[in-house]
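Structure first, commentary second.
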Amino acid sequence: MNNYSANSEPTVFTSENTKIGTSFVANVFMWMFGALLVSGALAYMFGTNENLIRLLYSQSGFTSLGYIIAFAPLGLVMLMSFGYKKLSSTGLAIVFIIYAGLTGASLGFIFIAFQLSTIYNAFAITAGMFVLMSILGYTTKMDLTKFGSIMIMGLIGIVIASVVNLFLRSDAMDFIICIIGVIVFTGLTAYDVQNIKKNAQYAGAHPETTRKMTIMSALSLYLNFINLFLMILRLLGRRR
């Protein structure tokens, strides 16, 4: 999701513009952390307010609004991905923030399903692993392209297995999915950060394209963090 430099013009900034490239990487992480703050705030708000949570969940399951909020983020990600060329950087930014907000609201259920201590521990572990893999991806001289391809294949396998397990409802399969998910999303974090570093050479050459690349790169890291957090949370939640 980070290889959007191919859509820019041939003129690029090279190693002599490392300051601009570093600024680009910093902006990516700022957008990613900003989106996490939005999601975290709304998740806590919905998860700890009985009136709000009733808007999404009832005794029989999801409400109509709950279904909309649960599935709308998928549509927004597709809009950002397929509408990358047509949407302005401002449009992408607005969609990204809305996406983060809806994702946060839909994650309110974790405050009902898990103990607060479990949520905090899962977040701390996720943050630690994310930071370590980000540093690894940014500093390593090894080309992670092939490694990334393997992780993407693993991601596809997780999606397929998760759909199958919706019908099987196997605890054993769910455990395996979570373990593989942790491996895949930690690996994808390093891979995506390396791609962001590579794409930083385009930063500043075309401001509008650069802003779009920033948002889409932040989205990739955001997705890695959220999915890694949910996988770890499910694993820790098994101890209850």
Side-chain angles (χ1 to χ4, degrees), residues 1-4 25 28-29 31-33 35-36 39-40 43 70-71 73-74 76-78 80-81 96 99-100 103-104 106-107 109-110 113-114 118-119 121-199 216-239:
M1 191 171 288
N2 292 335
N3 297 322
Y4 288 90
V25 175
V28 169
F29 278 93
W31 272 99
M32 177 255 185
F33 289 134
L36 286 177
S39 296
F71 291 101
L74 176 60
L76 293 178
V77 168
M78 294 178 66
M80 295 177 69
S81 298
F96 183 35
Y99 168 79
T103 299
S106 66
L107 288 177
F109 79 91
I110 67 175
F114 301 94
T118 303
I119 296 173
N121 288 337
F123 182 84
I125 294 171
T126 301
M129 294 176 66
F130 185 88
V131 169
L132 288 175
M133 296 309 290
S134 295
I135 294 174
L136 174 63
Y138 191 83
T139 58
T140 185
K141 295 182 179 180
M142 181 185 301
D143 186 357
L144 299 179
T145 301
K146 292 183 179 180
F147 175 75
S149 298
I150 295 173
M151 293 298 101
I152 292 173
M153 291 175 62
L155 176 58
I156 295 173
I158 290 173
V159 173
I160 295 174
S162 297
V163 172
V164 171
N165 204 39
L166 286 176
F167 301 96
L168 296 180
R169 298 182 181 277
S170 169
D171 289 338
M173 180 176 287
D174 182 67
F175 178 76
I176 294 173
I177 290 173
C178 289
I179 293 295
I180 296 177
V182 169
I183 296 172
V184 166
F185 289 112
T186 51
L188 282 176
T189 297
Y191 169 71
D192 284 340
V193 170
Q194 185 177 80
N195 273 342
I196 291 169
K197 182 181 179 181
K198 290 178 180 178
N199 289 342
M216 297 306 293
S217 297
L219 174 63
S220 293
L221 295 182
Y222 173 91
L223 289 171
N224 289 340
F225 190 98
I226 291 294
N227 283 291
L228 178 59
F229 168 70
L230 290 176
M231 294 293 178
I232 292 175
L233 182 61
R234 285 161 61 183
L235 287 173
L236 294 182
R238 288 173 170 272
R239 297 179 181 179

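Model, not experiment: these values are computed from the prediction. When reading the values below, keep in mind they use all heavy atoms of this one structure, side chains included, and skip hydrogens, waters and symmetry mates.
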Looking at [X] and [Y], would you say the former's side chain and the latter's main chain have a donor-acceptor pair under 3.5 Å?
X	Y	answer
Gln194	Leu136	no
Thr189	Phe185	yes
Thr140	Gly137	no
Ser39	Ala35	yes
Asn227	Leu223	yes

Looking at side-chain heavy atoms only, is the closest gap between [X] and [Y] below 4.5 Å?
X	Y	value
Ile125	Leu236	yes
Ser134	Phe29	yes
Met133	Val193	no
Ile226	Leu36	yes
Leu221	Ser217	no
Ile150	Lys146	no
Ile179	Met231	no

Examine Phe123 together with Phe225 and report whether their ring centres are nearer than 6.0 Å.
yes
Kindly say whether the aromatic ring centers of Phe229 and Phe130 come within a distance under 6.0 Å.
no
Within a reach of under 6.0 Å around OH of Tyr138, are more than 12 heavy atoms found that belong to other residues, nucleotides or ligands?
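Buried by this count: over 12 neighbours within 6.0 Å.
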For the pair Asp143 and Lys198, find out whether any cationic side-chain nitrogen is under 4.0 Å from an anionic carboxylate oxygen.
yes
Could you label the plane-to-plane angle of the Tyr99 and Phe96 rings as parallel, tilted or perpendicular, counting under 30° as parallel and over 60° as perpendicular?
parallel
Are Tyr191 and Thr145 close enough that a side-chain donor and a side-chain acceptor fall under 3.5 Å?
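Judged by distance alone, the side chains do not pair up.
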